[in-house]
Amino acid sequence: MLLFETVREMGHEQILFCHGKNPDIRAIIAIHDTSLGPAMGATRLFPYISEEAALQDALRLSRGMTYKAACANIPAGGGKAVIIANPESKTDDLLRAYGRFVDSLNGRFITGQDVNITPNDVRTIAKETKYVVGTSEKSGGPAPITSLGVFLGIKAAVEFRWRTKNLEGMKVAVQGLGNVGKNLCRHLHEHGIKLFVTDVDAAKVEEVQQLYNATVVPPDEIYSLDVDIFAPCALGGILNSHTIPFLKAPIIAGAANNQLGNEQLHSQLLAKKGILYCPDYVINAGGLINVYNEMIGYDEEKAFKQVHNIYDTLLAIFNIAKQQEITTNDAAKRLAEDRIRNAKQSNSKKVAA
């Protein structure tokens with residue numbers, strides 16, 4: 001990787017490499033854009049195969065957070081942090097050391113909970129910094145509101161594709177049954193949708209099967225199912241040159257981040273197959289909306305109103321893509337970049353005044 005060229009192309013403002021010996025910690029904080037406000041992005045702890053893989057994850061996820069905040073009309077910028085470690089190696093000392101790194105940025109970066117970071121871990125990090133969200137979980141955590149946003153996104157996609165608001169009898173394949181995937185299955189089941197599910201955790205699969213009368217399929221068969229909607233709710237990179245040829249679902253709408261292996265190539269491949277893709281950072285914005293509202297003082301009515309805007313935002317993106325003959329991924333980026341550009345111009349005028 002050509003580090004500075006990659007950072008320049010992706011438009012990042014700052015990349016920080018956090019290292020300590022006692023305890024041993026390797027972390028990367030990527031700040032993409034702060035035009036709309038301080039960079040917000042959760043922290044992911046993962047045993048990456050290489051430091052380059054960790055950096056690439058942080059760069060893509062932080063840029064996605066910028067677009068996510070802009071599309072959700074949240075006055076925040078985009079950031080992301082990754083800690084390179086095995087979950088079994090996680091200690092309070094490591095988390096507190098990481099918290100001190102976050103605190104040294106004085107609010108330029110605000111973090112929270114992602115893969116392998118629990119609510120208790122967030123509270124441990126908060127012992128060293130106030131620049132962390134999700135410590136109180138006043139709304140019950142981000143999963144319920146994130147899954148609601150994904151469900152609303154599915155409704156928007158169905159309306160755009162088939163001009164109907166009735167979901168009953170449709171078939172949805174859900175990949176990944178963590179907190180968000182499980183909650184999404186509940187919404188879908190309540191609206192008469194037939195579920196096909198998979199997860200590497202057999203206990204999660206069995207629970208969803210019993211709760212929602214779901215049909216269980218092996219992980220490698222989830223892509224080729226003849227269903228109406230494919231909902232990726234696990235890790236990213238699953239829409240790629242290997243999996244896309246197997247897809248039969250006319251709509252892709254799920255909670256996973258960074259679903260496209262290569263944004264340009266694979267969004268175009270989906271479009272060529274006639275698949276309506278819901279950009280992940282738009283449809284899964286409920287988590288960001290949730291923690292932002294907890295940070296400013298939780299108002300349930302306001303938070304849920306913002307989540308329901310995901311429906312209208314996706315319809316706008318679908319129409320932009322259709323009118324301009326571009327992919328939905330490019331349409332979402334244009335919408336986000338227009339809002340960021342307007343914010344920069346507004347800030348420049350304020351400084352000049």
Could you tell me the separation between the CG atom of Asn329 and the CD atom of Gln264, rounded to the nearest 0.5 Å?
6.5 Å
State, yes or no, whether a side-chain contact exists between Asn257 and Asn284 at a heavy-atom distance under 4.5 Å.
yes
Distance check, rounded to the nearest 0.5 Å: Gln268 atom CD versus Asn262 atom CG?
8.5 Å
Can you find a pair of side-chain heavy atoms, one from Tyr67 and one from Pro279, that are under 4.5 Å apart?
no
side-chain contact (heavy atoms from CB on, under 4.5 Å) against Phe101, all qualifying residues, sequence neighbours excluded:
Cys18, Ile25
Could you tell me whether a side-chain N or O of Asp114 sits under 3.5 Å from a main-chain N or O of Thr43, the two making a donor and an acceptor?
no
Report whether Leu335 and Leu288 are members of the same hydrophobic cluster (ILVMFWY, side-chain heavy atoms less than 4.5 Å apart, transitive linking).
yes
Does a side-chain heavy-atom distance below 4.5 Å link Asn73 with Arg339?
yes
For the side chain of Asn183 and the backbone of Asn179, is there at least one donor-acceptor N/O pair under 3.5 Å apart?
yes
Members sharing Tyr277's hydrophobic cluster, built from side-chain contacts under 4.5 Å between Ile, Leu, Val, Met, Phe, Trp and Tyr, are Phe196, Val217, Ile222, Tyr223, Leu225, Val227, Phe230, Ile238, Leu239, Ile244, Phe246, Leu247, Ile252, Leu260, Leu265, Leu269, Leu270, Ile275
Could you go through Leu167 and Lys155, starting from their C-alpha distance and side-chain angles, then the distance that decides it, and tell me whether this counts as side-chain contact (heavy atoms from CB on, under 4.5 Å)?
CA-CA 8 Å; Leu167 303 180; Lys155 291 183 68 176; 3.8 Å; yes
Single-linkage hydrophobic cluster, 4.5 Å side-chain cutoff, Val180 and Tyr212 together:
no
Other residues, nucleotides and ligands only: do more than 12 of their heavy atoms fall within 6.0 Å of NZ on Lys182?
no
Would you list the pairs meeting side-chain hydrogen bond (donor to acceptor under 3.5 Å, both in side chains) in which at least one residue belongs to residues 239-248, sequence neighbours left out?
Asn240-Thr243, Ser241-His266
Rounded distance (nearest 0.5 Å) linking atom OG1 of Thr66 with atom CD of Glu337:
10.0 Å
side-chain contact (heavy atoms from CB on, under 4.5 Å) partner of Met170, chosen from Asp228, Ile251, Leu188:
Asp228
Any chance you could measure Ile154, atom CD1, to Ile229, atom CD1, to the nearest 0.5 Å?
5.5 Å
Path from Val82 to Ile15 over hydrophobic side-chain contacts below 4.5 Å
yes
Under 4.5 Å between any side-chain heavy atoms of Leu61 and Arg44, yes or no?
yes
For Asp121 and Thr124, run side-chain hydrogen bond (donor to acceptor under 3.5 Å, both in side chains): C-alpha distance rounded to whole Å, both residues' side-chain angles, the deciding distance at 0.1 Å, then the answer.
CA-CA 5 Å; Asp121 294 335; Thr124 300; 5.2 Å; no
Do Leu16 and Ile28 come within less than 4.5 Å of each other through their side chains, counting heavy atoms only?
no
Contact summary for Tyr48 and Ile83, nearest pair of heavy atoms:
CE1-O, 4.5 Å
Taking the six-membered ring of Phe160, is NZ or CZ of Arg163 closer than 6.0 Å to its centre and within 45° of its axis?
yes
Taking a hydrophobic cluster as the set of Ile, Leu, Val, Met, Phe, Trp and Tyr residues connected by side-chain heavy atoms closer than 4.5 Å, whether directly or through intermediates, do Phe304 and Ile283 fall within one such cluster?
yes
Please check this pair: side chain of Asn290 against backbone of Gly287, looking for a donor-acceptor N/O pair closer than 3.5 Å.
no
Are any of the side-chain heavy atoms of His191 and Glu168 separated by less than 4.5 Å?
no
Would you mind checking if Arg341 and Asp338 are paired as a salt bridge, meaning a charged N to carboxylate O distance below 4.0 Å?
yes
Return yes if some donor-acceptor pair links the side-chain N/O of Ser62 with the main-chain N/O of Lys80 below 3.5 Å, else return no.
no
In His187, His308, His189, the residue satisfying ring-ring contact (aromatic ring centres under 6.0 Å, His included) with Phe151 is His187
Is there a donor-acceptor contact under 3.5 Å from the side chain of Gln113 to the main chain of Ile117?
yes
If you look at every heavy atom in Ala42 and Thr111, which pair is closest and at what distance?
C-OG1, 3.4 Å
Could you pull out the closest heavy-atom pair between Ala58 and Ala30, with the gap in Å?
O-CB, 3.7 Å
Is there side-chain contact between Val197 and Cys185, with at least one heavy-atom pair below 4.5 Å?
yes
Can you tell me how far apart NZ (Lys322) and CG (Leu276) are? Round to the nearest 0.5 Å.
11.0 Å
Ala234 and Gly176: which non-hydrogen atoms are nearest, and at how many Å?
CB-CA, 4.1 Å
Is the closest basic N to carboxylate O distance between Glu301 and Lys305 below 4.0 Å?
no
What pair of heavy atoms forms the shortest contact from Cys71 to Ala336, and how long is it?
SG-CB, 3.9 Å
Ile296 atom CD1, over 12 foreign heavy atoms within 6.0 Å:
yes
Under 3.5 Å, is there a donor-acceptor pair linking the side chains of Asn86 and Ser89?
no
N/O donor-acceptor pair under 3.5 Å between Asn116 side chain and Leu45 backbone:
yes
Does Lys273 have more than 12 heavy atoms from other residues, nucleotides or ligands lying within 6.0 Å of its NZ?
yes
Tell me if a side-chain donor or acceptor on Asn293 pairs with a main-chain N or O of Ile289 at a distance below 3.5 Å.
yes
Any side-chain heavy-atom pair of Lys127 and Arg100 under 4.5 Å:
no
Please check if the side chain of Asp280 supplies one atom and the backbone of Gln259 the other of a donor-acceptor pair under 3.5 Å.
yes
Would Val307 and Val158 show up in the same hydrophobic cluster when neighbours are defined by side-chain heavy atoms closer than 4.5 Å?
yes
Could you walk me through whether Asn120 and Arg123 pass the side-chain hydrogen bond (donor to acceptor under 3.5 Å, both in side chains) test, one step at a time?
CA-CA 5 Å; Asn120 282 336; Arg123 285 186 275 273; 2.8 Å; yes
Just wondering, more than 12 heavy atoms not from Gln324 lying within 6.0 Å of its CD?
yes
Assess, by modelled atom type and distance only, whether the side chains of Asn166 and Thr164 contain a donor and an acceptor separated by less than 3.5 Å.
no
Quick one: does Asn319's side chain have a donor or acceptor within less than 3.5 Å of a partner on Leu315's backbone?
yes
Residue of the set Val208, Leu177, Val216 for which side-chain contact (heavy atoms from CB on, under 4.5 Å) holds with Asp199
Leu177
For Ala255 versus Val150, what's the shortest heavy-atom pair and its separation?
CB-CG2, 3.8 Å
Okay, side chain of Thr129, backbone of Ile125: is any donor-acceptor separation there less than 3.5 Å?
no
Name of the residue among His32, His12, Glu263 meeting side-chain hydrogen bond (donor to acceptor under 3.5 Å, both in side chains) with Arg63
Glu263
Drop me the distance from Tyr292's OH to Gln306's CD, to the nearest 0.5 angstrom.
8.0 Å
